[in-house]
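What follows is a short report on a single structure.
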Amino acid sequence: MSFLKKFFKDIVHDRDPEDDTIKVGGEKKPKFYGTVPPYPNFNASSDASTLQSAIESKEVDEDVIVAVLVKRCNEQRQKIKVVYEASTGQKLDEALQSVLRSDLEDISLALLMTPAHFDAYLLRRATKGWGTDENVLVEVLATRTNEEIREIKRVFKQEYEYELEDIIKDETSGDFTTALLSMLKANKDESMEVNKELAQKDAEVLFEATEHPEGINVSTIIDILTTRNGPQLSKTFHHYAATSDVKLPKALQMELSGDIEDCLIDVVKIAWNTPAFFAEKLHKALERHGTCEETLIRVLVSRSEVDLKKIVQEYRAMYDISLQEQILRDTKGHYETILLGLCGPH
């Protein structure tokens, strides 16, 4: 099932976003939908020593390297890095780079970065060299929290000596630049509250913006889609569907083209169902002739402590096959093992 078919089906059935919080001591906390929780009885010194032995053995023990990296959460990996360098005098990422190759090297190095460093790296790679990877820019900026975006901007400046906003302005143009810069402001409403009157008003504004006879009002659409919270936008989409003969993604497809069309449709998908958005990304990466390893690594690493459990569930629901089965069909060796480890139990 394509995402848009799922979107239209859910609209008809008036799907409301589920409550992703639990009460802890009277306070609401977000539920954990990641697949890599903190490892119990964690010992950074022991893990650093284990990795050193695996790296320095005559035949590099990739089984051990994979087992440690995939079963420790990011915070624990950062502690292992500190101890490893203190005890060996060498950075762990450089040590792994010297003994690993290809996709296993790429995913191992990705797992050793903090989330903000990994995102900054993804954004720099997406804007450097010939051509810009617009899909990656939208994926990262539209799915991170305000706090995460602020940290990404800080790390980007620290690592690459440029302001991220300046790079975006240099490498993109037009309405697409406006949309990305709006996301970079990191002022999106992050409450789970829904204002029904605002949803009705926004739906009317979106309808006017997409139906305008003198041309679509893109700036208005960008403002609404990049500043409202997910549940609020979902309610707006319901009202829009009741107002128009055409669902919002279809209206955007009809009225827009190029990067801004793809961008805003992705923003709608993310607001409606973020795990389904990523499930579709993974499916496209796996079904193409020659698996897109960059997408697999980017999504599985970045979502492994966020919502990968939900992504795995959506994948099965949308494509009638488990993500793990698809990975088994399309990958091999220790790289396959680490991907399956990130996906969690089958």
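Basis for what follows: all heavy atoms, side chains included, without hydrogens, waters or symmetry-related copies.
- One finds the CD atom of Glu134 at 8.5 Å from the OG1 atom of Thr172 (value rounded to the nearest 0.5 Å).
- Considering OG of Ser219 and CD1 of Ile224, their distance stands at 10.0 Å, rounded to 0.5 Å.
- Put simply, CG on Leu206 and OG1 on Thr220 are 8.5 Å apart, with the number rounded to the nearest 0.5 Å.
- Placement of Val306 and Tyr121 in two distinct hydrophobic clusters is found when ILVMFWY residues are connected by side-chain heavy-atom separations under 4.5 Å, directly or transitively.
- Listed by chain and number, the residues in a side chain to side chain contact (heavy atoms under 4.5 Å, CB included) with Glu171 are Thr127, Thr132, Ile167 (sequence neighbours excluded).
- Counted by atom type alone, Glu293 and Tyr335 present one or more donor-acceptor pairs between their side chains at under 3.5 Å.
- No more than 12 heavy atoms of other residues, nucleotides or ligands sit less than 6.0 Å from atom CD of Glu147.
- Cation-pi check for Lys310 over Tyr33 is met; the charged atom lies under 6.0 angstrom from the ring centroid and within 45 degrees of its normal.
- Within the structure, the ring-ring contact (aromatic ring centres under 6.0 Å, His included) test picks out the following pairs touching residues 152-185 (sequence neighbours left out): Phe156-Tyr160.
- Side-chain atoms of Asn146 come within 3.5 Å of backbone atoms of Lys188 as a donor-acceptor pair (strictly under, hydrogens ignored).
- Thr226 pairs by the side chain to side chain contact (heavy atoms under 4.5 Å, CB included) definition with Ser182, Met183, Ile222, not counting sequence neighbours.
- Residues forming a side chain to side chain contact (heavy atoms under 4.5 Å, CB included) with Glu151 (at least two apart in sequence, or on another chain): Ala116, Arg154, Val155.
- Glu105 and Ser108 form no side-chain donor-acceptor contact under 3.5 Å, judged by distance and modelled atom types alone.
- Heavy atoms of other residues, nucleotides or ligands lying less than 6.0 angstrom from CD of Glu193 number 12 at most.
- With respect to Phe277, the side-chain contact (heavy atoms from CB on, under 4.5 Å) criterion is satisfied by exactly one of Val299, Ile270, Val268, Val267: Ile270.
- Here the straight-line distance linking atom CG of Leu69 with atom CD1 of Ile65 works out to 7.5 Å at 0.5 Å rounding.
- The side chain to side chain donor-acceptor pair (under 3.5 Å) test applied to Arg77 returns no partner, not counting sequence neighbours.
- Partners of Thr337 according to the side chain to side chain contact (heavy atoms under 4.5 Å, CB included) rule, which considers only residues two or more places apart in sequence or in another chain, are Val66.
- Of the candidates Leu104, Leu100, Leu339, His334 forms a side-chain contact (heavy atoms from CB on, under 4.5 Å) with just one, namely Leu104.
- The backbone N or O of Ala95 lies less than 3.5 Å from a partner atom in the side chain of Ser98, making a donor-acceptor pair.
- Residue Cys292 holds its SG atom at 9.5 Å from NZ of Lys281, rounded to the nearest 0.5 Å.
- At a cut-off of 3.5 Å, with distance as the only test, no side-chain donor of Thr35 or Ser304 sits close to an acceptor on the other residue.
- In this structure, the salt bridge (Lys or Arg N to Asp or Glu O under 4.0 Å) partners of Glu165, at least two apart in sequence or on a different chain, are Lys153.
- Taking Glu163 as the reference, Lys157 meet the salt bridge (Lys or Arg N to Asp or Glu O under 4.0 Å) condition, with sequence neighbours excluded.
- Here the side chains of Arg329 and Ile321 are in contact, with some heavy-atom distance below 4.5 Å.
- Applying the ring-ring contact (aromatic ring centres under 6.0 Å, His included) test to Tyr84 and every residue at least two apart in sequence or in another chain returns nothing.
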Discussion item. Side chain to side chain donor-acceptor pair (under 3.5 Å) for Thr114 and His117? Distances and angles first, verdict last.
Written reply: CA-CA 5 Å; Thr114 66; His117 277 82; 2.8 Å; yes
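- Arg124 and Glu159 are not joined by a salt bridge, as no carboxylate oxygen comes within less than 4.0 angstrom of a charged side-chain nitrogen.
- Within the model, atoms CZ of Arg144 and CG of Leu123 stand 8.0 Å from one another, a figure rounded to the nearest 0.5 Å.
- Put simply, the residue from Asp202, Asp223, Asp189 that forms a side chain to side chain donor-acceptor pair (under 3.5 Å) with Arg228 is Asp202.
- Defined by atom type and a distance below 3.5 Å, a donor-acceptor pair is missing between the side-chain atoms of Asp93 and Gln97.
- Contact check for Leu323 versus Arg316: no side-chain heavy atoms found under the 4.5 Å cut-off.
- Using cut-offs of 30° and 60° for the angle between ring planes, the His238 and Trp272 rings count as perpendicular.
- Surrounding NZ of Lys71 are at most 12 heavy atoms belonging to other residues, nucleotides or ligands under 6.0 Å away.
- When each of Thr295, Ile107, Ile327 is tested with Leu300 by the rule side-chain contact (heavy atoms from CB on, under 4.5 Å), just one qualifies, namely Ile327.
- The 12-atom threshold is exceeded at CG of Asp166, counting heavy atoms of other residues, nucleotides or ligands nearer than 6.0 Å.
- A search for side chain to side chain donor-acceptor pair (under 3.5 Å) contacts involving Lys309 returns nothing, not counting sequence neighbours.
- The shortest side-chain heavy-atom distance between Ile338 and Leu111 falls under the 4.5 Å cut-off.
- Asn273 and Glu314 share a donor-acceptor pair across their side chains, judged by distance under 3.5 Å alone.
- Between the side chains of Ser46 and Asn43, no donor-acceptor pair of N or O atoms lies under 3.5 Å.
- In the hydrophobic clustering, where aliphatic and aromatic side chains (Ile, Leu, Val, Met, Phe, Trp, Tyr) are joined below 4.5 Å either directly or transitively, Val246 groups with Met254.
- For Lys201, there are no salt bridge (Lys or Arg N to Asp or Glu O under 4.0 Å) partners, not counting sequence neighbours.
- With Gln78 as reference, Lys81 is the one residue of Glu75, Gln76, Lys81 to meet the side chain to side chain donor-acceptor pair (under 3.5 Å) rule.
- Atom CD of Glu261 has more than 12 heavy atoms from other residues, nucleotides or ligands within 6.0 Å.
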